[in-house]
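Inspection log for the structure reproduced underneath, given as structure tokens.
Chain A is the first sequence line, chain B the second, and so forth, proteins listed ahead of strands; every chain is numbered from 1.
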Number of protein chains: 2
Amino acid sequence: MMKYEAVTIKDIAKALGISTSTVSRALRDSYEISPETKALVLECAEKLNYKPNPAALSLKERRTRSIGVIVCEIANNFFSQTIDGIESIAYDKGYNIIITQSHESFDREVAILNFLASRSVDGLLVSVSTETNDISHFKELHDRGLPIVFFDRVVDEINTHKVTLDNFKGTYEATEHLIQNGCKRIAAIVNSEFLLITHERLAGYKEALANNGMEVDNSLIKHCFYGGIEAQEVEEAVNQLLTLRPRPDAILCTSDKLTTGCMSALSRRRIKIPDEIALIGFTNSNVSELMQTPLSVIKQPANEMGRQAAELLLQIVESKRPIKDFEKRVLTPEIIIRESSVKI
Amino acid sequence: MMKYEAVTIKDIAKALGISTSTVSRALRDSYEISPETKALVLECAEKLNYKPNPAALSLKERRTRSIGVIVCEIANNFFSQTIDGIESIAYDKGYNIIITQSHESFDREVAILNFLASRSVDGLLVSVSTETNDISHFKELHDRGLPIVFFDRVVDEINTHKVTLDNFKGTYEATEHLIQNGCKRIAAIVNSEFLLITHERLAGYKEALANNGMEVDNSLIKHCFYGGIEAQEVEEAVNQLLTLRPRPDAILCTSDKLTTGCMSALSRRRIKIPDEIALIGFTNSNVSELMQTPLSVIKQPANEMGRQAAELLLQIVESKRPIKDFEKRVLTPEIIIRESSVKI
DNA sequence: TTGTAAGCGTTATCAT
DNA sequence: ATGATAACGCTTACAA
């Protein structure tokens with residue numbers, strides 16, 4: 001196709017009959033250039049609509065001013081809000097963000113990682129896929145100096161900045177709330193065992209039960225490996241829970257899709273929420289209060305998480321010296337109690 | 001920070017005691033290179049984990065293998081699903097996508113456009129901001145050869161590929177459905193008058209009224225300039241509609257935020273949906289059927305729209321010759337009737 | 001079959 | 001104060 005022919009420093013130099021180095025210096029407002037020349041160059045650059053070529057700059061400066069983002073999927077309330085936050089910070093600091101999705105696949109994650117690393121992003125923001133158990137692909141790149149910041153689904157084994165949620169607190173308080181509302185058999189539909197967040201969220205649930213003198217019954221805990229991306233998974237989990245006797249009188253869900261999937265499954269079976277089964281779960285939907293039964297939720301400060309992760313990453317990227325001390329920021333979940341978890 | 005020192009062709013050449021051009025050719029499997037040398041080079045490249053430097057390639061090839069995407073906001077069901085579709089196609093063809101948000105601001109859109117267009121992208125996928133009335137910034141770049149494909153919020157004045165919805169059909173059918181359900185005073189809460197989609201959607205609404213022997217009453221049409229990004233706007237629109245006598249008995253909304261905002265406003269006023277006021281609207285939420293009143297919706301094939309837009313853009317980008325004949329693809333909305341629009 | 005050298009756009013170094 | 005040149009990593013005439 002017709003090439004978008006860009007104006008270069010050479011064009012300016014030619015137009016003005018001076019050398020490219022003078023133009024370059026004038027554009028960067030170097031002290032060695034006379035005011036007259038500067039004015040001339042600036043005016044000419046303006047007139048020709050000169051824009052520096054980022055590829056040339058990248059080559060020279062060995063930086064791309066872009067950062068990669070890996071999430072499991074974009075079309076998800078939590079992640080799209082996080083990306084919103086990331087984009088805001090990146091834009092303010094003059095960085096591009098390159099978005100990719102693992103679709104919860106380990107293989108895809110590895111492929112993407114190579115793709116991005118070879119495209120020389122200056123750094124990476126990562127929330128690992130559900131299938132990710134082995135993290136050597138991240139480790140290797142990180143060891144070779146690629147700045148990485150993990151958010152939400154972080155991994156313990158890599159020493160870098162992390163931004164995550166107080167997952168324990170989220171499920172602890174949600175579970176305790178259910179207990180205080182008279183729930184006796186509280187089930188949990190949770191994510192893959194590979195994910196750290198699953199363990200943290202389960203721990204909060206278990207601890208709340210224990211501290212309230214209740215037994216942890218493993219038959220009440222259902223793992224959905226793909227976090228309910230396919231509705232079938234949640235359907236199955238709910239089915240199994242419903243066959244138990246005595247039946248659970250509450251369900252705690254640990255992700256967006258699990259929560260809405262569970263509500264949908266219960267609704268289809270005409271099970272009354274919260275009377276028959278109370279429901280509370282993680283979600284960042286902005287319509288939770290408009291649900292058939294206004295939904296009690298554990299909400300993540302998603303936008304803020306994205307912003308902080310981006311800030312930390314750019315801090316590493318732009319730091320002159322190697323960073324030794326890494327932070328693990330733990331944000332606080334917002335627990336919003338509505339009707340779905342309050343027995344009458 | 002410690003720089004991620006990449007392996008270059010030079011390193012391979014040095015290691016093998018051959019020239020860089022030989023290495024380059026071997027890597028690209030040139031016919032001029034002996035099988036032995038090729039094997040050697042490939043093995044060495046593998047061993048050193050050589051990855052071509054994209055900045056150097058960009059500089060040489062005058063292409064970046066990345067495409068820019070401008071949407072009003074990422075954290076929105078419709079747009080995040082569209083981006084999902086775009087990402088899938090881009091990934092398959094080896095392109096990065098660079099996501100930006102205009103936040104419905106014209107100034108921001110112009111700034112972003114310059115940011116992206118300074119040749120850090122090979123092409124652009126755009127859904128214009130609500131404030132965008134003047135499109136000369138796009139026109140200029142497009143005239144200078146930057147491939148642009150518009151989707152959803154397209155503009156008429158630029159001759160390029162476009163992927164949009166049959167907006168007329170969406171509102172026509174939705175309105176007719178309301179009429180057939182006995183609604184007599186059908187209000188519409190719509191987007192900015194600057195947007196073409198607003199006109200198309202309004203036209204469908206008006207035509208359906210006319211074809212069914214009903215008057216178009218302009219007091220029943222409320223514009224929300226920012227499409228309900230701030231809840232206040234929708235609140236106000238609903239307020240005004242409720243003061244009308246006779247009161248409207250149905251509301252049609254033309255965007256995601258308008259629809260949920262309207263439902264929220266009605267709900268807060270304890271107005272029964274659909275008995276007092278029926279409701280139908282555009283939304284790509286995946287929990288519409290879980291709403292307090294299962295929501296009748298006009299749903300866009302968002303993912304598909306993203307895929308098609310990306311395909312068309314890459315078709316331009318990768319075409320050897322200038323493209324003369326541009327397509328306007330018009331996708332069909334899915335109208336899903338649930339309870340919110342069906343008077344008993 | 002392989003090597004040399006120029007060039008993509010920019011900046012830093014070293015002249016002048 | 002300005003210019004020439006080399007370099008960033010890669011590809012590709014052109015030479016050998």
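Mapping B:Lys51 and A:Glu36 onto DNA chain D by nearest heavy atom places A:Glu36 closer to the 5' end of the strand. Positionally, the nearest nucleotide of DNA chain C for B:Lys38 lies more toward the 5' end than for the other of A:Ala56 and B:Lys38.
At a threshold of 4.0 angstrom between heavy atoms, the contacts of A:Thr37 are confined to the sugar-phosphate backbone, with no base atom among them.
In this structure, A:Phe79 and A:Asp152 have side chains that are in contact, with non-hydrogen atoms separated by less than 4.5 Å. Considering only heavy atoms from C-beta on, A:Asn96 stays 4.5 Å or farther from A:Arg65 through its side chain. When side chains are defined from C-beta on, A:Leu313 counts as touching A:Pro147, because their heavy atoms get closer than 4.5 Å.
Considering only side-chain N and O atoms, A:Ser19 lies under 4.0 angstrom from the phosphate OP1 or OP2 of D:dG3. Side-chain N/O atoms of A:Tyr50 include one lying less than 4.0 angstrom from OP1 or OP2 on C:dT10. Contact between the side-chain N/O atoms of A:Lys10 and the OP1/OP2 oxygens of C:dG7 is not found at any separation under 4.0 Å. Contact annotation: B:Ser34 side-chain N/O to C:dT2 OP1/OP2 distance is under 4.0 Å.
Summarising the geometry, the separation between CG on B:Leu59 and P on D:dC10 is reported as 12 Å, rounded to the nearest angstrom. Between the CZ atom of A:Arg62 and the P atom of C:dG9 there is a distance of 20 Å, given to the nearest Å. At whole-Å resolution of the value, CD in A:Glu61 and C1' in C:dG9 are 12 Å apart. Note: CG (B:Asp11) to C1' (D:dC8) measures 13 Å, nearest angstrom. Between A:Asn53 atom CG and C:dG7 atom P there is a gap of 17 Å when expressed in whole angstrom units. For the pair A:Lys14 NZ and D:dG3 C1', the computed distance is 16 Å after rounding to whole Å. Following rounding to the nearest Å, A:Lys60 (NZ) and D:dC8 (P) show an atom-to-atom distance of 9 Å. Rounded to whole Å, the distance from OH on B:Tyr31 to P on D:dA13 is 10 Å.
Taken residue by residue, residues 39-48 of chain B places no heavy atom nearer than 4.0 Å to DNA chain C. Looking at residues 20-27 of chain B, you'll see B:Ser21, B:Thr22, B:Arg25 sit with a heavy atom under 4.0 Å from some atom of DNA chain C.
A:Ser105 and A:Asp107 form no side-chain donor-acceptor contact under 3.5 Å, judged by distance and modelled atom types alone. A:Arg63 and A:Tyr95 share a donor-acceptor pair across their side chains, judged by distance under 3.5 Å alone. Donor-acceptor pairing under 3.5 Å is lacking for the side chains of B:Glu131 and B:Ser192.
Within 6.0 Å of CD on A:Glu157 lie more than 12 heavy atoms contributed by other residues, nucleotides or ligands.
Residue pairs that meet the side-chain hydrogen bond (donor to acceptor under 3.5 Å, both in side chains) test with at least one member in residues 307-316 of chain B, sequence neighbours left out, are B:Glu304-B:Gln308, B:Gln308-B:Arg329. Within the structure, every pair that satisfies the side-chain hydrogen bond (donor to acceptor under 3.5 Å, both in side chains) test and touches residues 32-44 of chain A, not counting sequence neighbours, is listed here: A:Asp29-A:Lys38, A:Ser30-A:Glu32, A:Ser34-A:Glu36, A:Ser34-A:Thr37.
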Fill in: Verdict with reasoning, A:His137 to A:Phe106, per ring-ring contact (aromatic ring centres under 6.0 Å, His included)
CA-CA 10 Å; A:His137 51 311; A:Phe106 176 77; 5.1 Å; yes
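Rounding to the nearest 0.5 Å places CG of A:Leu124 at 5.5 Å from CG of A:Leu116.
In the helix from C:dT1-D:dA16 to C:dT16-D:dA1, the terminal helix axes, each the rotation mapping four pairs' C1' atoms onto the next four within five end pairs, subtend 60°, rounded to 10°.
Of the candidate nucleotides C:dT2, D:dG9, D:dT11, D:dT11 has the atom lying nearest to any side-chain atom of B:Arg28. The side chain of A:Ile9 has C:dT11 as its nearest neighbour among C:dG3, D:dT12, C:dT11.
In terms of the ring-ring contact (aromatic ring centres under 6.0 Å, His included) criterion, residue partners of B:Tyr91 (sequence neighbours excluded) are, by chain and number, A:Phe115.
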